[in-house]
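One structure is given here, and the rest of the page talks about it.
Atoms considered below: every heavy atom in the structure, side chains included; atoms not considered: hydrogens, waters and symmetry mates.
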Amino acid sequence: MVSNSKKIFACISFILIALSATAQQKELTDTQYFKNDFTGIINPLPSITKWIDDSHVLLSDNGKADVLNCKTGKQTEASKADTTVDTLNAPAYLKGNDIFIKINGQEIKLSNDGGKKANPTMSPDGKFVAYTNKNDLYTIDIQTKKQKRLTVDGSSVILNGYASWVYTEEILGRPSKYRSFWWSPDSRHIAFFRTDDSPVPEYTITDGVGTHGYVEKERYPVAGDPNPEVKIGIVSPEGGNTVWADFNEKDDQYFGMPYWTPDASALWVQWINRGQNDLKIFSVNPANGSKKQVYEEQQKTWVQLEDGYERLHFLNNNKNAIIESDKTGWNHLYLYDINGKLINPITSGKFTVLGITAIDEKNNTVYFTARGRENTARIDFYSVQLSGENLQRLSFGAYNHSISLSPDASYFISTYSNSSTPTKMALVNNKGKIIKEIADSKAAGFDGVQLAKTEIIRVKSADGIYDLPMKVTWPINMDTSKTYPVLISIYGGPNAGTCWDSWNLNGNQQFYAKEGLIQVTMDHRASGQFGKEGQNYIFRNLGYWEMKDYSVMVKWLILNGNADPKKICINGFSYGGYITCYALTYASDVFTHGIAGGSVTDWSLYDTHYTERYMDKPSDNPDGYKSSSVLTYANKYNGKLLIVHGIIDDNVHIQNSIELISKLQDLKKDFEFMEYSGGRHGWANEKNKWAHFLNLKTQFIYKNLLEKPVPEKMLK
C-alpha cells in the first residue's frame, strides 16, 4: 500500500491541477443542471438499428439513417429498402385478452374466447402459437385457428407453463414474464413446468385504498419454508398424453431452465439440490421421460443457477456443448461432447467470462466478453479457439466496451468510454484492427465548461488481498483546508457490483459537485469484481465482508480525500437498502446517515432460493442469520436514517421495514419513515410518487449533509 503521506500529496496535487484547469472554464447553466440538456457539450451517438448483412450496418443519428460499409469504412445515406422494418409479419402478441399475428401486413385474430392469456409464443416452424390461460397450457393452429388445451388441471395453485413467484424472481428471471414452457427446435414438442404451489405458505399483502382496504395473497416461501413442487412435462402441440421427465416432484430441489438439443432428440434439464451446492444436468428422452446424467458440479459454497445468463451453449453440429462454470473461482468456458465428457477448457485464468457473443463453428472460434483480464471494472471483447488456444483481446485501450457483432462475426462496433473519457464508437474487425472511428460524443463546447472530475480509485482491503474499486466524483473547486460530506450510492449484493470505469454525466451529479458533495459508488470483494473467489467470502455471513470493505474505503476518503467523518451518507434500494440499514447499525462508527429503500432487514424474511443460496436454511445457520440481521445491531444505531418502502411490495415485503421501525421505537431511536401506497418494489412508473421520493431524498441530503435550504430548481 502507498504511504499516507504520498497519498495526501497526490490528492493535493490533483486538487491544485484541477483548480488551475477550471479557472478559465464556464459554469454549467440551469438548463444543463436541471434539465440534463448538454447540447453543445455532449453529442448523442448514433444508434445501431440493425445489421443489414455481414458487412453492412444501419446507423440512425438524429433522424438521419446511414449505411456503414464495414469493408471500406464508408458511410452512405440509407435507401428506403435499407431502413424498411419488416412489419408485414409479426410473431404472436396480445391485444387485450386475445392473440394476434401479422401475415403479409394483415392482422389476424387467432382467439376470441376471453380468459386470462399470457406469453403467446410462436413455434419455430410458424405453424402454432403456444400460450397459457388460467394456468393451463394451450396451442392454436395458425392455419385452422383450432385451439387445443394441452393441460386440464390448472388452478390457483397448479400452474402449467406459468411459473411460481420464486422461480420467476430467482431462477427463470423477470424477463421470462412467468413463462415456463419451451418449444423444441423441430416444433414437435413443448417442454413445460407443472408447478404445485400448495405447499408454499401464503403471505398477505394489504393497502389502505378503498372503503374496506386492499388485500392480496401471495405464495411466497421465506427461508426455511417449503418450496413449490415442480414436474417437467413434454407434450405435442396437437395434444395427447403428457410425458413426464423421470424426477420425483416431492424431492427438495430446484430446476433451472431446460435446453433442447439442436436436433430436438433430448431435453437437457438442470437440477440442483435445496442446499444449492450440487448441480446436475440430465439428458431427458422426450419419448418416454427417461433421464441420463451428463454433468455434475459441486462446490463448498453454492453453484449459481442461471438467473440472467446462459450456462449451456449447444453447437449446431449436435456433437458438442459449451458449459459455463465458476468452479475454479472464476467463470470460464468448457467444451464437452454431447454425452457429457469434458474435451478441454476453452478459457482459464483469474478473470470472469461474462457471456458468449457468438460461436463460429466453421472457424472453431468463440467470441465472448469478460472482465478482469485487463481491469475488473471494465468489460473487454475476446476471441479464442474451441481448443482453448489463441486467446486474443479484440477490444482496445483502457476503456469499458459494449459490443455489437456482425452476423458472421467478421466485424463489431464498440461503444466505449472510461470515467474520464466521453463515449465513442468505433468499427473493428475480428482481428482487433480499428477500421473507423464512427463517432465521438465529446462536442466542441466540452472543454469550455467546468465539470467535476470523476475517477476510479483503488484501495487495498484490510486483509491486503484485494484492490477495492470506488468511483468518485469530487466537488468542484475543492479547498484542501475543508472537509466535505460524502454521498455513497450502493447496491452491494453478491455478484451485483455498480462500480464501472465508464463515462457518466448528468445534471444532478454536477450540481451536487458544485454544492460540495463527494459522490461515490464502491464495490466490495463479493461484488463480481473478483469472481466467485471473492463471492465465496460472504457464504453464511451476509453483511460482514461487504461492510468491512466499504469501511476501509470510507476511511481512505476521510484520510486522503477531505471527507467529513461526521457526514458519511449511504443510499441504496433493495439489497442496497439492506446494506444501508446494516451500515447505520453494525458499522455506525463509520456511517452517519442513510437513505434505505425496499430494504431486507432480516434474511429470515426473504425468499428461499436467493437467501439459502448464500446463507443455508435458518435452522442450519442460526448464528449467521443473527449476525447478518440489521435488527441484531439496532442498539448501535446513533445516526440519521430515512426508511422508505412501498406498501404492497411483493418482493421485499414491508414487514422488513416494520420490524426495523418497531425495534428502533423500542430503543427510543430517532429516524424518518415514508411509505408509498400502491408501491411495489419501486415505483418509478408512478410519476407523482417517484417525484415525491426524489424530492424526499434531496431534502434529506440538503438538511443533513449540506446543511442549507434546497434550491427550488432542484425539486421535481
Side-chain angles (χ1 to χ4, degrees), residues 1-28 30 32-34 419-420 449-459 468 470-490 504-522 550-571 583-584 587-595 638-640 642 697-711 713-714:
M1 183 183 289
V2 180
S3 69
N4 290 336
S5 60
K6 288 183 179 179
K7 288 180 182 175
I8 295 169
F9 176 78
C11 190
I12 293 172
S13 297
F14 145 67
I15 294 168
L16 292 174
I17 292 169
L19 286 171
S20 174
T22 58
Q24 305 301 319
Q25 294 174 323
K26 296 179 181 177
E27 187 178 305
L28 294 176
D30 284 356
Q32 291 156 347
Y33 280 133
F34 306 118
S419 56
S420 60
V449 295
Q450 188 180 55
L451 296 177
K453 181 179 178 63
T454 298
E455 62 179 332
I456 299 287
I457 292 172
R458 296 278 180 168
V459 178
L468 305 168
M470 61 178 174
K471 189 174 184 177
V472 184
T473 298
W474 299 101
I476 294 173
N477 296 329
M478 281 183 71
D479 184 342
T480 56
S481 67
K482 297 180 180 179
T483 59
Y484 295 85
V486 177
L487 178 63
I488 303 165
S489 297
I490 212 76
N504 179 51
L505 176 66
N506 67 74
N508 199 64
Q509 165 209 56
Q510 292 298 312
F511 195 77
Y512 274 144
K514 174 177 173 287
E515 292 282 68
L517 201 59
I518 300 173
Q519 300 165 76
V520 183
T521 61
M522 52 178 64
Y550 289 151
S551 296
V552 165
M553 289 185 272
V554 168
K555 290 173 182 177
W556 187 96
L557 286 169
I558 293 170
L559 185 62
N560 303 291
N562 290 80
D564 185 345
K566 296 180 180 180
K567 294 180 180 180
I568 307 295
C569 181
I570 185 168
N571 158 54
L584 267 288
S588 59
D589 58 327
V590 176
F591 299 90
T592 62
H593 297 78
I595 305 169
N638 59 19
K640 177 69 73 173
L642 168 61
K697 293 205 299 183
T698 301
Q699 290 160 349
F700 184 91
I701 290 165
Y702 269 88
K703 177 183 177 181
N704 295 290
L705 303 182
L706 297 173
E707 294 185 326
K708 58 183 177 180
V710 181
K713 293 175 182 178
M714 277 290 283

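For the pair Met470 and Val459, the minimum side-chain heavy-atom distance is below 4.5 Å. With a 4.5 Å cut-off on side-chain heavy atoms, Val554 and Val486 do not count as touching. Residues Gln25 and Val449 have side chains not in contact (no heavy-atom distance under 4.5 Å, counting atoms from C-beta outward). Side-chain contact between Ile490 and Tyr550 is present, with heavy atoms from C-beta onward closer than 4.5 Å. In this structure, Ile488 and Met553 have side chains that are not in contact, with every pair of non-hydrogen atoms separated by 4.5 Å or more. In this structure the side chain of Met522 never reaches within 4.5 angstrom of the side chain of Val472, judged on heavy atoms. The closest side-chain heavy-atom distance from Ile476 to Glu27 is not below 4.5 Å.
Atoms OG1 and CG, on Thr592 and Leu584 in that order, are 7.5 Å from each other to the nearest 0.5 Å. To the nearest 0.5 angstrom, Ser420 atom OG is 12.0 Å from Leu451 atom CG. In this structure, NZ in Lys713 is found 11.5 Å from OH in Tyr33, a value given to the nearest 0.5 Å. The OG atom of Ser489 sits 10.5 Å away from the CD atom of Gln509 when rounded to the nearest 0.5 Å. Residue His593 holds its NE2 atom at 13.5 Å from CD1 of Ile570, rounded to the nearest 0.5 Å. The CG atom of Leu487 lies 6.5 Å from the CD1 atom of Ile595; values are rounded to the nearest 0.5 Å.
Of the possible polar contacts, none joining the Gln450 side chain to the Leu28 backbone as a donor-acceptor pair under 3.5 Å is found. Using a distance-only test at 3.5 Å, with no hydrogens or angles considered, a donor-acceptor pair links the side chain of Asn562 to the main chain of Lys482. A donor-acceptor contact shorter than 3.5 Å links the side chain of Lys567 to the backbone of Leu705.
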Legend entry - Thr473 and Tyr512: CA distance, side-chain angles, deciding distance, side chain to side chain contact (heavy atoms under 4.5 Å, CB included) verdict: CA-CA 10 Å; Thr473 298; Tyr512 274 144; over 6 Å; no

Inset, instruction - For the pair Asp479 and Tyr484, evaluate side chain to side chain contact (heavy atoms under 4.5 Å, CB included) and give the outcome as yes or no after the intermediate values. - result: CA-CA 9 Å; Asp479 184 342; Tyr484 295 85; 3.5 Å; yes

Inset, instruction - May I have the step-by-step check of side chain to side chain contact (heavy atoms under 4.5 Å, CB included) for Lys471 and Thr454, ending in yes or no? - result: CA-CA 7 Å; Lys471 189 174 184 177; Thr454 298; 3.8 Å; yes

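Of all heavy-atom pairs spanning Pro711 and Glu515, the tightest one is CG-OE2, 3.9 Å. Among all heavy-atom pairs drawn from Trp474 and Gly561, the shortest one is CZ3-O, 3.4 Å. Taking each heavy atom of Tyr702 and Pro709 in turn, the nearest pair found is CD2-O, 3.5 Å. Between Ser551 and Ala587, the shortest heavy-atom contact is OG-CB, 4.3 Å. Listed here is the closest heavy atom pair of Ser419 and Glu455: OG-CA, 3.8 Å.
The environment of NZ in Lys708 is crowded: more than 12 heavy-atom neighbours from other residues, nucleotides or ligands sit within 6.0 Å. Sparse packing is recorded around NZ of Lys555, with 12 or fewer heavy atoms of other residues, nucleotides or ligands lying under 6.0 Å away.
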